[in-house]
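Only a predicted model underlies this, so the values are computations on that prediction, with no experimental measurement involved. A, B, ... follow the sequence lines: proteins, then strands. Residue 1 opens every chain.
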Number of protein chains: 2
Amino acid sequence: MALEHAILVSLLEKPGSGYELARRFERSIGYFWTATHQQIYRVLKRMENDGWVDVRDVPQQGRPDKKEYSVADLGRAALSSWLQDPIEPESVRHDLAVKIRGAAFDDPAVLTREVERHRQAHRDRLAHYRAGETRDFPGPEASTAAPGAPLDAERELQHVVLRGGIAYEQMMIDWLDDVLATLARFGPSR
Amino acid sequence: MALEHAILVSLLEKPGSGYELARRFERSIGYFWTATHQQIYRVLKRMENDGWVDVRDVPQQGRPDKKEYSVADLGRAALSSWLQDPIEPESVRHDLAVKIRGAAFDDPAVLTREVERHRQAHRDRLAHYRAGETRDFPGPEASTAAPGAPLDAERELQHVVLRGGIAYEQMMIDWLDDVLATLARFGPSR
DNA sequence: GGTTGCTATGCAACGAGTTGCATAGCAGGA
DNA sequence: TCCTGCTATGCAACTCGTTGCATAGCAACC
């Protein structure tokens, strides 16, 4: 499992509350790891008990107080240990692929609409990622302007992960086009 | 959830025992949906109770008896209903992406080795898929040789799903190359 | 004869993830 | 004033998936 590790990475990049973490899991981190606020609060509590994170009560004006979490030494050690630990290449879970094979035993027209919906969703995500890239990583080598600062690594790694998300969405769009073309080939004849 | 639906599709393609299903989930179906034999047996039992599948005791020589499952009318209806039901485009879970962003706070050399391992695993899978494609789908239009038989749809859909697996592995390999190049750029300077 | 290994099925316990619900302060608009 | 909506946190119940273990028949090999 890696939710606690994803939280550690996010808190290292910037300390924050459970609520803020939940926000981030809808944005950048959420591109490759989803989590609801429930999971986050639960895991944060456990991490606090284990001494992985420090908590600080932050009063706010105009809104409820928040608990700001930051990574403690034990948490850093735990993350480091996990990073050393090899993981298995993840196995995929594609509901849509099940549906596509299942369409052989049902109405393909329904599947066509479903695939079109998914393609649109992936198009939207791709546009969203590209906008984020333009906003956060402008200019070809602008990121290496500062000479050898360690912050560069953080940014470059964030960028390469984002490029992964873009490549994934592009691949999905292309493949769904292939699926639609395949459906069109034998769909009308029925 | 779609494990029961994946099982239904697999049983429609060909009836079989829980053990045989587990085998298939290590092969073709497993390309896009993983399941252990435990899950399969548990779900099969539930599906049997719900009348989704029929069971038949098959004595075998030289090996233990098996229970052969096939899809009942109720199961077919359940699958059909699920196929009609729109699903959300799946959210990704990439441990490796978490690790990559985490590498900014740890030794990047360790990550380099990890990424190389994963790239090799994806290369292996890609080779495996391509071999399966050559074996099961030879010739450009050989599949459409039989005139308009419904079996064509089944094969074509299996093929397009396999092409999706191939596209995914190829994309991952390209991206991991990108990751390695990025790591090489600032890795040595530390 | 004992060990290993494959087919074939299953229980029990645990951990992770989802869903529904609850609380509470405060802001802004109808 | 009431309703909606956002910040902020949390409980409880449930489902799903993983892991370890157990059983049992039979084949092949040393």
Side-chain angles (χ1 to χ4, degrees), chain A residues 1-8 11 15-27 29-30 32-50 53 55-69 78 82 85 87-95 98, chain B residues 1-7 11 15-27 29-30 32-50 53 55-69 82 87-88 90-95 98:
Chain A
M1 223 298 295
L3 177 54
E4 37 236 290
H5 305 109
I7 289 176
L8 285 172
L11 288 180
S17 69
Y19 190 82
E20 284 163 350
L21 282 170
R23 295 278 116 167
R24 291 183 213 172
F25 274 87
E26 289 170 4
R27 298 178 44 259
I29 307 272
F32 52 89
W33 199 273
T34 58
T36 63
H37 73 277
Q38 291 304 343
Q39 285 177 71
I40 292 167
Y41 283 123
R42 200 199 305 170
V43 171
L44 273 177
K45 183 142 288 181
R46 191 176 61 224
M47 290 166 80
E48 189 189 339
N49 289 336
D50 294 350
V53 291
V55 201
R56 198 168 61 94
D57 264 55
V58 178
Q60 298 181 111
Q61 68 271 50
R63 51 181 69 175
D65 296 355
K66 67 173 181 180
K67 298 184 185 175
E68 193 180 78
Y69 291 87
W82 177 71
D85 206 34
I87 50 174
E88 284 310 297
E90 48 269 322
S91 41
V92 204
R93 284 274 167 103
H94 280 306
D95 297 71
V98 178
Chain B
M1 222 298 292
L3 177 53
E4 37 237 286
H5 304 111
I7 289 176
L11 288 180
S17 69
Y19 189 83
E20 283 163 351
L21 281 170
R23 295 277 116 167
R24 291 185 212 171
F25 275 88
E26 289 170 4
R27 300 178 44 259
I29 308 271
F32 51 89
W33 200 274
T34 57
T36 62
H37 74 277
Q38 292 303 341
Q39 286 176 73
I40 292 168
Y41 283 124
R42 203 198 303 170
V43 172
L44 273 177
K45 183 142 286 180
R46 191 174 63 224
M47 290 167 80
E48 189 189 339
N49 289 337
D50 293 349
V53 291
V55 202
R56 198 169 61 94
D57 263 54
V58 178
Q60 298 182 114
Q61 68 270 50
R63 49 181 72 173
D65 296 356
K66 68 173 179 179
K67 299 185 186 174
E68 193 182 76
Y69 291 87
W82 176 70
I87 50 174
E88 285 310 298
E90 49 269 321
S91 41
V92 206
R93 285 273 168 101
H94 280 307
D95 298 71
V98 178

side-chain N/O Ser17(B) vs dT9(C) OP1/OP2, d < 4.0 Å
yes
Do the side-chain N or O atoms of Arg23(A) get closer than 4.0 angstrom to the phosphate oxygens (OP1, OP2) of dT7(D)?
yes
Taking CD from Glu20(B) and C1' from dC6(C), how many angstroms apart are they, rounded to a whole number?
14 Å
Nucleotide dG15(C), atom P - distance to CG of Asp50(A) in whole Å
12 Å
Side chain proximity check, Arg23(B) to Tyr19(B), heavy atoms < 4.5 angstrom
yes
Interatomic distance where CD1 belongs to Ile40(A) and P belongs to dA8(D) [whole Å]
13 Å
Side-chain N or O of Lys66(B) less than 4.0 angstrom from OP1 or OP2 on dC6(C)?
no
Checking dG10(D), dG17(C), dG17(D) against the side chain of Leu3(A) (C-beta onward), the nearest is dG17(C)
Among the nucleotides dA16(C), dC16(D), dG17(D), which one has an atom lying closest to any side-chain atom of Gln39(B)?
dG17(D)
Report yes if a donor N or O on one partner sits less than 3.5 Å from an acceptor N or O on the other, where the partners are the side chain of Gln38(A) and the base of dG17(C); otherwise report no.
no
Looking at dT9(C), I'd like to know if its phosphate oxygens (OP1 or OP2) sit under 4.0 Å from a side-chain N or O belonging to Tyr41(B).
yes
Could a donor-acceptor pair under 3.5 angstrom be found where the side chain of Arg42(B) meets the base of dT18(D)?
yes
Heavy-atom side-chain contact between Ile7(B) and Tyr69(B) under 4.5 Å
no
dG17(C) C1' sits how many Å from Arg93(A) CZ, rounded?
12 Å
Atom-pair distance (CZ on Arg56(B); P on dT9(C)), nearest Å:
13 Å
How long is the line joining CG of Asp65(A) and C1' of dC26(C), in whole Å?
12 Å
Starting at the 5' end of DNA chain C and moving along, which residue's nearest nucleotide shows up first, Thr34(A) or Gly18(B)?
Gly18(B)
With a cut-off of less than 4.0 Å, is there a side-chain N or O of Lys45(A) near OP1 or OP2 of dG10(D)?
yes
Going by modelled atom types, is there a donor-acceptor pair between the base of dG25(D) and the side chain of Gln60(B) at under 3.5 Å?
no
Can a donor-acceptor pair be found, under 3.5 Å and without considering hydrogens, that links the side chain of Arg93(A) to the backbone of Thr34(B)?
yes
In whole angstroms, how far is the P atom of dG25(C) from the OH atom of Tyr19(A)?
17 Å
Of all the choices, dT18(C), dG10(D), dG17(D), which nucleotide is nearest to the side chain of Trp33(B) once you look at every atom?
dG17(D)
Round to the nearest Å and state the distance from His37(A) atom NE2 to dT19(C) atom P.
12 Å
Passes side-chain contact (heavy atoms from CB on, under 4.5 Å), Lys67(B) versus Asp57(B)? Steps please.
CA-CA 5 Å; Lys67(B) 299 185 186 174; Asp57(B) 263 54; 4.0 Å; yes
Just so I know, are the side chains of Glu68(B) and Lys66(B) near enough to count as touching, which here means a heavy-atom distance under 4.5 Å?
yes
